[in-house]
Amino acid sequence: MSDAKKFLYVNRKAPYGTIYALESLEVVLIAAAFEQDVSLAFLDDGVFQLTRDQSTDAIGVKNFSPTFRALGDYEVTKLFVEKESLDERGLDPSDLQEIVWEDEEEDWEEKPSIRIVSRAEMADIMADQDVVLSF
Amino acid sequence: MAYQVNGSTIEADEEGYIVNLDDWSKELAAEIAKAESVEMTENHWKVIDFLRKYYDEFQLAPAVRVLVKNAKKKLGAEIGNSKTLEEMFPKGAAKQGCKIAGLPKPTGCV
Amino acid sequence: MKLGIVVSEGPYTHQAADTAYHFAKAALDKGHEVPRVFFYHDGVNVATRLSVPPQDERHIQKNWTALAAANDIDMVVCIAAAQRRGILDENEAKRQGKDASNLAEGFRISGLGQLIEMGIECDRMVMFGD
Amino acid sequence: MSTLHTVNKSPFGDGALSSCIAHCKAGDGVLLIEDGVYGALAGSAISEAVVACSADVAFYRLEGDVAARGLPGAKLIRQVKPVGYDGFVDLVTEYDRTQSWL
């Protein structure tokens, strides 16, 4: 992994109103095959992508929120969510769906993929990347 | 193109993927497999069942390496290895498996 | 330096495809390489050859086609995004059973892997969108 | 290791510039392009935040976009420096990475 680049996928938009969230997820699923160091950032309205209980039957649009739970299978295990963005929107980490990955090295122990970080930590994460893609 | 199942016609695209995912049934899967020259064994059905459950849970047809990894865990190493899966589905376990399982056509993204 | 460019918004509605074009030109003028431009989201609509803007407006697709031809730029249109929005080359039109194709010269349809590859191989990547 | 941020939306209808400023680090650069150039207006609701941030972050405005929108030079924040497309390219190469606040 030493020559792997660090890729950060920045999600700042809410789902369904526009297609960016869905097409961002499609990029991440493909990116996972390239053995780079992949992280996802959710801030501003992007935190709305991860809320529980999304049900799209009435709007006739595909519900892609369950797909986030498959990311662990794709070895995408770092989903950074900004605490201030949640706070500003009256959300709490418990309003987000649970997303886990199985650690092969620890007997497939399930570990949380969502990591709540402060705005300052998010800035550090952004500054630590080789490539930043925004959606 | 189309498949005939129990006297009804099921619409499919040029490559044999069914157009309406709700049309899927085991009888239809058997017809698709026949058209693909895949002889369905018990193990084939296990993989098809796994693919449908995976799609139900995640709204996603798994990439082939994810299929192999999960099949190993859920169905055992005997089926869950890329060599066996390739032999079972010569045109690609993810691609051909998904076609028979009635999942969306992969967009061919990589 | 190798500069990769992503255009992720549609032409005419949004300025992104224009800004990206001026940026690419300026980069090439300065002697940098622009090996690839990747079109995603509504950005794939830049690649239709059926666009007919009024004569007193810029022709975004033709500008890109000319720039790419003169500078050997690989212009890649994301297949998944293109299929949703009805941008097809001849092969795809046949594969999908459609009666026409509309991909302009100089563009090619390929997968998202080309975007990741560009990120790996370029020294910098710049995204233009909304 | 520093970042060039690009912002292409007016700060008066969108939070991109505020969010960008909140995530900038000392030594970073912020380039205002397209409708983002409205963020260069002095005496606006956001100009104080821009001026305060410009103490350790370099601000730039894409001149073509400023001219297209008829923003009077006298009304622009003096710390936001003008660049052309060639200057845009230089900034991209001088900073280690580019992050677009789309």
Side-chain angles (χ1 to χ4, degrees), chain A residues 4-15 17-28 36-49 80-91 116-135, chain D residues 1-39 45-46 48-50 52-60 62 65 88-102:
Chain A
K5 277 192 173 182
K6 289 185 171 182
F7 277 71
L8 180 69
Y9 296 84
V10 177
N11 296 282
R12 294 182 51 248
K13 297 191 177 92
T18 57
I19 198 170
Y20 302 104
L22 169 63
E23 288 190 333
S24 165
L25 192 52
E26 291 188 343
V27 177
V28 171
Q36 305 293 307
D37 181 353
V38 172
S39 303
L40 275 59
F42 296 87
L43 62 153
D44 299 337
D45 281 352
V47 299
F48 288 130
Q49 293 181 27
F80 297 103
V81 177
E82 187 178 277
K83 183 171 185 307
E84 285 83 346
S85 297
L86 291 172
D87 290 346
E88 284 161 10
R89 286 158 183 79
L91 294 180
I116 309 291
V117 297
S118 70
R119 186 159 280 162
E121 287 170 319
M122 185 62 91
D124 289 341
I125 291 162
M126 289 171 167
D128 187 39
Q129 305 296 322
D130 294 307
V131 183
V132 181
L133 292 112
S134 308
F135 296 97
Chain D
M1 291 294 274
S2 53
T3 303
L4 175 69
H5 304 264
T6 64
V7 175
N8 73 337
K9 290 188 192 66
S10 165
F12 309 114
D14 188 282
L17 181 55
S18 305
S19 193
C20 169
I21 287 174
H23 292 88
C24 267
K25 298 186 88 76
D28 282 358
V30 175
L31 170 63
L32 306 174
I33 66 171
E34 300 171 357
D35 284 352
V37 297
Y38 292 116
I46 194 153
E48 267 184 44
V50 172
C53 185
S54 69
D56 50 15
V57 169
F59 275 80
Y60 306 93
L62 194 55
D65 283 323
F88 186 174
V89 173
D90 290 340
L91 291 174
V92 166
T93 60
E94 284 161 17
Y95 289 89
D96 300 300
R97 71 187 75 74
T98 302
Q99 177 169 358
S100 307
W101 290 78
L102 304 179

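First the proteins, then the strands, lettered A, B, ... as listed; each starts at 1. No hydrogens, no waters, no symmetry mates; every other heavy atom, side chains included, goes into these values.
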Review point. Can you tell which of A/Leu43, A/Asp45, A/Leu8 has the highest number of heavy-atom pairs within less than 4.5 Å of chain D?
Key: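 Greatest number of close heavy-atom pairs with chain D: A/Leu43.
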Review point. Which one of A/Val10, A/Val131, A/Asp128, A/Asp124 has the most heavy-atom pairs closer than 4.5 Å to chain D?
Key: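 When all of A/Val10, A/Val131, A/Asp128, A/Asp124 are compared, A/Asp124 has the most.
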Point to revise | Donor-acceptor pair, side chain of D/Ser10 and main chain of D/Phe12, under 3.5 angstrom | key: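 Confirmed, D/Ser10 side chain pairs with D/Phe12 backbone.
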Check your understanding: Would you find a donor on one side and an acceptor on the other, under 3.5 Å apart, between the side chain of D/Asp14 and the backbone of D/Lys9?
Key ->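 No; judged by distance alone, with no hydrogens or angles, the pair does not exist.
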Review point. Is any NZ, NE, NH1 or NH2 atom of the basic residue among A/Asp44 and A/Arg12 found under 4.0 Å from an Asp or Glu carboxylate oxygen of the other?
Key: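 Salt bridge flag = yes for A/Arg12 with A/Asp44.
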Point to revise | Pair A/Glu88 + A/Arg119, salt bridge at N-O below 4.0 Å | key: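 Looking at A/Glu88 and A/Arg119, the cut-off is met.
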Practice item. Name the region of A/Glu84, side chain, backbone, both or neither, that has any atom closer than 4.5 Å to a heavy atom of chain D. Key: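 No part of A/Glu84 comes within 4.5 Å of chain D.
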Point to revise | Contacting region of D/Ser2 [heavy-atom separation from chain A under 4.5 Å] | key: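 Neither part; nothing is under 4.5 Å.
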